[in-house]
Amino acid sequence: MSDVHYGPSGVAGQKAILTWAVHISVALLVILWVLPTLGLFISSFRTADQISTSGWWRAPFAAEQVLQMRTAAPDTQVQEGDLYVIEGNVMEDGQAGEIASWGISSRDVSAFQPGDAAELRDGGTLTLMGDGSYRMESDAPFEGRRGQRVFLTAMVPPELTLENYRFMLFDESNVNGMSRAFFNTLTVSIPATVIPILVAAFAAYALAWMEFPGRALLVAVIVGLLVVPLQLALIPLLKLHLGIGIGKGYLGVWLAHTGFGLPLAIYLLRNYMAGLPRDIIENARVDGATEYQIFVKIILPLSFPALASFAIFQFLWTWNDLLVAKVFLIDATGRTTVMTAQIVELMGTRGGNWEILATAAFVSIVVPLLVFFFMQKYLVRGLLAGSVK
Amino acid sequence: MTQALQALTTILIGLGACVGYFFLSNRLVDVIWPPRGPNAGRNINRANMIRPWLFLFPALFALGLYLGYPVFETLRLSLLERVPGGGYEWVGLENYIRMAGEPKFWEAMRNNMLWLLVVPAASTAFGLLTAQLTDSIRWGRIAQMLIFMPMAISFVGAAVIWKLVYDARPIDQDQIGILNAVVVGLGGEPQTWLTVPFWNNFFLMLVLVWIQTGFATVILSAALRGIPEETVEAAIVDGANPFQIFFKIKVPQISTTILVVWTTITIVVLKIFDIVYAMTNGQWQTQVLANYMFDKLFVANDWGVGSASAIVIMVLVLPILVWNVRNARKEME
């Protein structure tokens, strides 16, 4: 008896530990998988200074930063008895917190503590308090046009900004702006998604529901074409496009994407259509419906889930594509550049400017992510239909 | 604005042409062989013979032109040499011999083999692990979705994301790449991960593993859910522990799906281009075949060797192609 009692509780204890282990491992996996994207996402809301001085994971915390400020210009000085005085606060609108240390030379930026008085090179003293208020005193009038340079080491409260996005999307003067590339990408992907669907749908219907010799062979060929690397197609097709006068441009890239997308489209749609109930189609045939009517009125509406799956695939693929666009679309002028190509270029020319790179990348990532989150059902369905052979 | 109009016009023309073609060709068949009158029976048979090909024609034409023809044309080009001033010259296998004499080609081959060994295995393993773990917990769906998310991100976007992860700063500065921050935190020295030959390949592969794991998870999780309950219950009754249940009962039952996932990722790996192009462009001994080919075609302008390397990729894909076709044929019967 005791054995029976002992057994189950032992198993239960083990099970509880195991369950916890599962929760923790999954949490770790998810964190590992999300962290890289999160890092770039947060970086896109930080200033160049913030990004280059502290890791993005520090973004929610105040960070010690060296700021360079100036006191008010000498023309604001007032005379108090024998002394010439300039007073004010170097912190505009209290952007930084308490000052930890300060200095007046770039070689020693934290020479003084708050409250200390620094001897100025041109005579006189500068006293700076922890809140940024200062007082400059001198026997002789202050001269020059600009105020004294002051370096502050202060804890800067966390701050996120949309400035990067404004700069990358809406600043007309920004030669690296993404707005043109964004619309170019859109121009590539919408027609390249819509056109193959209809062509594929008719072919898929013929392959699924019409009897003709060679049907099985054709299906096999299409399965084979599914995996043909598009690298093979680059030169022959570029040669063809240049030869027949399409050249490099939108028409060429639309046609190329249509051609490359067709095998998957036909394969997905044929499999889905072949699974539709036979009765519906037979009944319609008996009722005298033509094949065309059956296709347009029955098959097409019923195949909506498969059409949606393929549309999402093709959209993601054309939106994210780099190779096809580089070969068939982007010419020497660069006016038709797509986002992926522009990001690669930025990685080369502005490799250290993470505020630019992160923002550019996120501008291009956000649309696929939205599609992903809102249409996930169809995406998963398409994946399952497309790969479980 | 003109561009948007152009795109819109294309969609309309494209769709209009498609609809018009299918509608009119279909109508034409009905006019030539009307399904009524004295010869109705014979006409219907004739029309039924023609119609599938009408439906198929645009697709077959596009497939033939954009995928079929290039295979043969690339093969032909790989045996030719462009002569200055236009025209081609037959050179036989010389392009292949020249390619085989290039260290960069063998570097690409070696790296591609490494990718081929590591990425499908790692993605499938992580996918299987995630699928099994998330299967039993309540927030598993959300976890799956988050791990699946990189799938929607472009290779180029992923390259930027991971470049930030791998970013290195001199040791006296704060690290802004999380990997180096961890290394420094553990007392190590910051590394420029992407420039350390050989190992940098693995840092590039990690990016693809990160992208493909979600795909593997989704497929394998569906397969796991399809396993009959009885087999698992029987194993529990027999006293199998969770690991035995997983490896001895579940995995064998989904072995076909694992193979499909494996081969699908293998094909992605064979064609991998964007990640390497964007992150290292093949420098520091990270070259891969597709990027080698791109270099030859569009940088060195050497169509002969470029085509030859494309054929090498095709040959590597061929076993999977044959396997896929045979499976599909078996299923059709």
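No experiment lies behind these values; they were computed from the predicted model shown. The chains referred to below are lettered A, B, ... by the order of the sequence lines, with proteins before strands, and numbering in each begins at 1.
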Between [options], the one whose heavy-atom pairs under 4.5 Å with chain B are most numerous:
options	answer
A:I197, A:V188, A:L218	A:L218
A:E211, A:R215, A:K326	A:K326
A:I343, A:I365, A:L207	A:I365
A:L357, A:V327, A:L32, A:V367	A:V327
A:L262, A:I312, A:L316	A:L262
A:V34, A:V380, A:L323	A:L323

Once you round to the nearest 0.5 Å, how far does [atom1] of [X] lie from [atom2] of [Y]?
X	Y	atom1	atom2	answer
B:Y66	A:T258	OH	OG1	8.0 Å
B:I153	A:W319	CD1	CH2	14.0 Å
A:M210	B:N48	CE	CG	7.0 Å
A:W33	B:I211	CH2	CD1	11.5 Å
B:D274	A:N320	CG	CG	9.0 Å
A:I235	B:E73	CD1	CD	9.5 Å

Among the options [options], pick out the one with the most heavy-atom pairs lying under 4.5 Å from chain A.
options	value
B:M49, B:M151, B:Q173, B:R169	B:R169
B:L146, B:L63, B:L54	B:L63
B:F72, B:W53, B:Y69, B:W162	B:W53
B:F155, B:F126, B:F57	B:F126
B:A159, B:P58, B:C18, B:P70	B:P70
B:A47, B:A59, B:P52	B:P52

Grab the two heavy atoms, one from [X] and one from [Y], that are nearest each other, plus how far apart they are.
X	Y	value
B:R329	A:L217	NH1-CD1, 4.0 Å
A:I51	B:I176	O-CG2, 3.1 Å
B:N324	A:V227	ND2-CG1, 3.6 Å
A:Q231	B:K271	NE2-O, 3.3 Å
A:P236	B:T74	CG-OG1, 3.2 Å

With a cut-off of 6.0 Å (strictly less than), are more than 12 heavy atoms of other residues, nucleotides or ligands near CZ of B:R326? no
Exceeds 12 heavy-atom contacts within 6.0 angstrom, atom CZ of B:R27: no
Does [X] reach the side chain of [Y], with side-chain heavy atoms less than 4.5 Å apart?
X	Y	answer
A:F362	B:V160	no
B:M145	A:F373	yes
B:I137	A:V22	yes
A:L255	B:L65	no
A:W56	B:L164	yes
A:V228	B:V317	no
B:T130	A:V26	no
A:V296	B:F23	no

Contact class of [X] relative to chain A, heavy atoms under 4.5 angstrom:
X	value
B:V165	side chain
B:S136	side chain
B:D167	side chain
B:V322	neither
B:I178	both

Ring centre gap for B:F148 and A:F372 strictly below 6.0 Å: yes
When the aromatic ring centroids of B:F22 and A:Y292 are compared, is their separation below 6.0 Å? no
For [X], is it the side chain, the backbone, both or neither that has a heavy atom under 4.5 Å from a heavy atom of chain B?
X	value
A:W317	neither
A:A256	both
A:L346	neither
A:L186	neither
A:H241	side chain
A:A200	neither

Show every salt bridge (Lys or Arg N to Asp or Glu O under 4.0 Å) that has at least one partner inside residues 47-61 of chain B, sequence neighbours left out. B:D30-B:R51
Is there a side-chain contact (heavy atoms from CB on, under 4.5 Å) between B:K163 and A:W354 once you walk through the steps? CA-CA 10 Å; B:K163 259 213 142 150; A:W354 279 108; 3.6 Å; yes
